[in-house]
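Input: a single structure, listed below in C-alpha cells.
Letters A, B, ... mirror the listed sequences (proteins, then strands); counts begin at 1. Remember, predicted model here, so these are calculated numbers, not experimental data.
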Protein chains: 2
Amino acid sequence: MPEDTPTLDQAAYQIRRYGLDVDPQAVLVAVRLMAAGARLGQAVEVHFSRFGLSAGRYRLLAALEDADGEMSPSGLADVLGVSRATVTGLIGGLEREGLVLRRPSAEDGRSAVVVLTARGARRMRELAPEHFGRLQEMVGALDPEERAVFLDLLGRLVRGIPALTRERSAREE
Amino acid sequence: MPEDTPTLDQAAYQIRRYGLDVDPQAVLVAVRLMAAGARLGQAVEVHFSRFGLSAGRYRLLAALEDADGEMSPSGLADVLGVSRATVTGLIGGLEREGLVLRRPSAEDGRSAVVVLTARGARRMRELAPEHFGRLQEMVGALDPEERAVFLDLLGRLVRGIPALTRERSAREE
DNA sequence: GCGAGGTGGTTAGGGGCCATACTAAATGTC
DNA sequence: GACATTTAGTATGGCCCCTAACCACCTCGC
C-alpha cells in the first residue's frame, strides 16, 4: 500500500473506461483525501492505543476538559459530532477504566452527567506532551504559510462534501 | 458539529492547559485533517449506500476491474491496503449480492480467484457517471492550480504520519 | 521423499461507528 | 389533571477494520 496511490494515470484510466467527461485531477484529489483520512485514522488509533485510549475516547475526555469536567451525554454527542448511541459506548469503556463516571442529573430526571475523574484528568495530563509533540512532528514538513494554505484548501473541500450526499434534482434522474 | 472545528483558539487553549511549547497551528492542521477524513468517510459511505455498496466493496470492485476482472484475495489485500481478513469479509458481502464470485485457483491449491461477474461489471458501469460526477463536484471549489498545491501538501502530510506511530529513542522515555 | 517453515484463506473476537427501536421522564395542550 | 408529543439515554444489530489463531497447501533443504 504505497502512499502515492492512486496515481493520476490510474484515475484517468478508470474514468476513460466509461467514457466520462471528468477531470482526473479532481477525482485524484477526492480519492487521495479519502485515502489520507483512512490512513491517518488508523495511525491515530495505534497512537492512542499506547495510552489505553482510542481516538473517540480521547476526544470525549478532551471535550470534558473543555467543559470543566462535566457534560451530558447528548451534549457530548453534539460536540463530538457522533450519535448518542456512540457516546453511550464510549462512556461505557471509559467508565470501566475509571477515567469517567456517570451521575444522574439533579434537574432533569431523564438526563445524566458524565464527570471526568481525577484519574481521567491525570491520564490526559500524562499523554499530552507526547500526543501534541507527535502531532507537531507530523505537520513539521509544512512551514506556517503552507499550513495556512492547506487549512484554507481543506476547508473548501470539506464544504464541498455535501455534494456527495445531496439529493439531485429530478430531471438529472 | 460545525465544519470549522476546532478553532485555532481552542487548540491553543488545550495546549496551554498543560503548559506545552507546541505550535497551535500545527496541531490544528493535524486535527482538522483527522476531522475532515472522518467526515468524508461517513459521507462516502452514504454515497455508496445508494448503490448498495460500501466504500470498501466499491474499492474492491474497482481493483478487480483494474486487473481485468480477476485477482486473488491476498493480491486484493495488498492493493487495497487492508488485511486479508477484511478482504474475506468484503468478498463475502459482494458474493452474496452476486457481484463477484469465488473460484479455486488452478495453479495453487491454497489460493482462490475472485472474479467480477457480469452483474458486478454492470453495477460499476451504472454508478460511474454519478460517482465521478459527484467527486468532481466536491472538488469544484478548487481550481487546477490549487488542486496541485493541495495534492503536494497532502502528500507531505501523509509522509509525516509515521511520526504518530514510530517508536521513540530510549532517552526520550 | 519428508519434515520444517512459509504462505493463502478463513474464523473468532474486539473496537468504532451507525440507524433503529425501545423506556422513562419532561413538556405542551385541552 | 390527563393525554399526546418530544427528548435523554440505552440496547440491538449491522458494517468496516483490526489482530491472533488456525488449517491446508506449497516449497525448500536434507
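Heavy atoms of B:Ser83 sit under 4.0 angstrom from at least one base atom. When heavy atoms are screened at a 4.0 angstrom cut-off, A:Thr86 is found touching base atoms of the nucleic acid. Using a 4.0 Å heavy-atom distance criterion, B:Thr88 is classed as a base contact.
Taking CZ of B:Phe150 as the reference point, atom CG of A:Leu153 lies at 7.0 Å (rounded to 0.5 Å).
If you measure from atom CD1 of B:Ile91 to atom C1' of D:dC17, you get 15 Å, rounded to the nearest angstrom. A:Arg96 places its CZ atom 10 Å from the C1' atom of C:dG15, with the value rounded to the nearest Å. Distance CD (A:Glu45) to C1' (C:dG14): 13 Å, rounded to an integer number of Å. The interatomic distance linking A:His47 (NE2) with C:dG16 (P) rounds to 15 Å, in whole Å.
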Short heteroatom pairs, N/O only, protein and nucleotides 23-29 of chain C, under 3.5 Å:
from: C:dA26; atom 1: OP1; to: A:Gly109; atom 2: N; distance (Å): 2.7

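The main-chain N or O of A:Leu80 is found under 3.5 Å from a side-chain atom of A:Arg59 such that the two form a donor-acceptor pair.
Along DNA chain C, the nucleotide nearest A:Arg57 and the nucleotide nearest A:Ala85 are compared for position; the residue whose nucleotide lies closer to the 5' end is A:Arg57.
In summary, the side chains of B:Gln10 and A:Asp66 do not present any donor paired with an acceptor at a separation below 3.5 Å, with no hydrogens or angles considered.
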